[in-house]
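Step one of this worksheet: look at the structure below.
The shown structure was predicted, so the numbers you read here are calculated from the model rather than taken from an experiment. For ligands, and for the atoms within them, numbers begin at 1 and follow the listed sequence.
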Amino acid sequence: MKRIITYGTYDVLHYGHINLLKRAKALGDYLIVALSTDEFNNLKGKKSYYTYEQRKKILESCRFVDLVIPEENWEQKINDAQKYQADIFVMGDDWEGKFDFLKDYCEVVYLPRTPDVSSTQTKEYLKGV
Ligand code: C2G
């Protein structure tokens, strides 16, 4: 059972997120998503439209996702990799190189981001509707 872990805010879920989740899941058998809490989003300078609970409910309905856990800080990744026995850590390549310290604990894979789509863009567009 190959276990994959990835992290993110996943606000206003879009096909770029789905592409990431689909490719991450395809690398193994079990996908864990560490979902940024509303408090951690504040730390990241992000304000999500949907609350943590709403974003969690949406992600849990995605067939590629097996488990959603809270991402509360920048420091939890090593502990998570051990606690959840992650074989592969996956992120979009906008994070290329940022999490290479995890290579001591699991494989680290950065996948190409899906171009031309983001939650921010979607929110901006909807403001004008
Ligand atoms: N993503 C993507 N293509 C897009 C948009 C996002 O592949 N067009 C990927 C990102 O690279 C990330 C995941 O989807 O791997 C979630 O994106 P965000 O919700 O924006 O996550 P982020 O704010 O980057 O949080 O500790 C890590 C952080 O929590 C990552």
Side-chain angles (χ1 to χ4, degrees):
M1 157 90 88
K2 189 168 272 196
R3 302 163 66 85
I4 318 291
I5 192 164
T6 189
Y7 292 71
T9 298
Y10 287 95
D11 190 29
V12 188
L13 202 66
H14 54 66
Y15 63 92
H17 294 137
I18 299 300
N19 282 345
L20 191 286
L21 296 170
K22 182 174 185 175
R23 287 174 294 163
K25 181 62 177 283
L27 295 172
D29 310 286
Y30 189 86
L31 175 60
I32 302 157
V33 179
L35 184 63
S36 308
T37 60
D38 298 328
E39 296 74 16
F40 183 52
N41 269 336
N42 288 339
L43 267 179
K44 291 201 291 188
K46 279 189 150 183
K47 174 95 181 72
S48 63
Y49 177 74
Y50 291 119
T51 65
Y52 173 78
E53 284 307 322
Q54 290 166 339
R55 289 180 284 122
K56 181 172 188 279
K57 193 185 288 282
I58 293 167
L59 270 186
E60 285 173 338
S61 72
C62 174
R63 64 185 172 92
F64 303 120
V65 176
D66 296 289
L67 176 67
V68 178
I69 62 171
E71 179 187 29
E72 297 170 296
N73 56 63
W74 290 112
E75 295 75 32
Q76 70 183 73
K77 291 183 177 67
I78 291 176
N79 185 51
D80 288 348
Q82 295 167 317
K83 180 177 173 184
Y84 294 96
Q85 299 168 296
D87 298 291
I88 309 178
F89 167 89
V90 176
M91 285 303 290
D93 63 4
D94 46 316
W95 293 93
E96 183 83 37
K98 297 287 190 309
F99 302 115
D100 288 357
F101 61 86
L102 287 166
K103 284 179 178 173
D104 297 336
Y105 303 90
C106 59
E107 206 182 319
V108 174
V109 172
Y110 300 103
L111 297 172
R113 263 179 84 92
T114 301
D116 309 325
V117 63
S118 72
S119 306
T120 309
Q121 226 173 295
T122 307
K123 290 185 223 176
E124 283 306 310
Y125 172 80
L126 291 173
K127 271 184 201 157
V129 173

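- Using a cut-off of 4.0 Å between Lys/Arg side-chain N and Asp/Glu carboxylate O, R113 and D94 are scored as salt-bridged.
- Looking from atom 9 (C) of ligand 1 to the surrounding protein, the closest heavy atom is L20 CG, 4.0 Å.
- Taking the six-membered ring where tryptophan is involved, the planes of F99 and F101 are perpendicular, since the angle between them exceeds 60° and thus also 30°.
- Contact between S36 and ligand 1 is present, with at least one heavy atom of the residue lying under 4.0 Å from the ligand.
- Distances between N or O atoms of P112 and those of ligand 1 include no value under 3.5 Å.
- For ligand 1, one of its N or O atoms has an N or O atom of K44 under 3.5 Å away.
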| request: For Y52 and N41, run side chain to side chain donor-acceptor pair (under 3.5 Å): C-alpha distance rounded to whole Å, both residues' side-chain angles, the deciding distance at 0.1 Å, then the answer. | output: CA-CA 10 Å; Y52 173 78; N41 269 336; over 6 Å; no

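- The residue from Q76, E71, H14 that puts a heavy atom closest to atom 29 (O) of ligand 1 is E71.
- C62 has its side chain within reach of I18: a pair of non-hydrogen atoms, C-beta onward, lies under 4.5 Å apart.
- Among protein heavy atoms, atom 20 (O) of ligand 1 sits closest to K46 NZ, 3.0 Å.
- Ranked by closest heavy atom to atom 3 (N) of ligand 1, the top entry among T114, L21, T6, V33 is T114.
- Screening residues 9-27 for salt bridge (Lys or Arg N to Asp or Glu O under 4.0 Å), with sequence neighbours left out, gives D11-K123, K25-D66.
- Salt bridge absent: D93 and K98 never bring a charged side-chain N and a carboxylate O closer than 4.0 Å.
- By the criterion of a heavy-atom distance under 4.0 Å, the side chain of D94, and not its backbone, is placed next to ligand 1.
- Looking at R23 next to ligand 1, no N or O pair under 3.5 Å apart turns up.
- Geometrically, ligand 1 and T9 share a nitrogen or oxygen pair separated by less than 3.5 Å.
- Distance from atom 1 (N) of ligand 1 to its nearest protein heavy atom, with residue and atom name: R113 NH1, 4.0 Å.
- In this structure, W74 has its ring center under 6.0 Å from that of F40.
- With salt bridges taken as basic N to acidic carboxylate O contacts below 4.0 Å, none links K56 and E53.
- Polar contact check, F40 against ligand 1: no nitrogen or oxygen pair lies under 3.5 Å apart.
- Of the listed residues (F99, Y15, Y10), the one carrying the non-hydrogen atom nearest atom 16 (C) of ligand 1 is Y10.
- In this structure E107 satisfies the salt bridge (Lys or Arg N to Asp or Glu O under 4.0 Å) test with no other residue, sequence neighbours excluded.
- G92 N, 2.9 Å is the protein heavy atom nearest to atom 15 (O) of ligand 1.
- The distance criterion of under 3.5 Å between nitrogen or oxygen atoms is met by W95 with respect to ligand 1.
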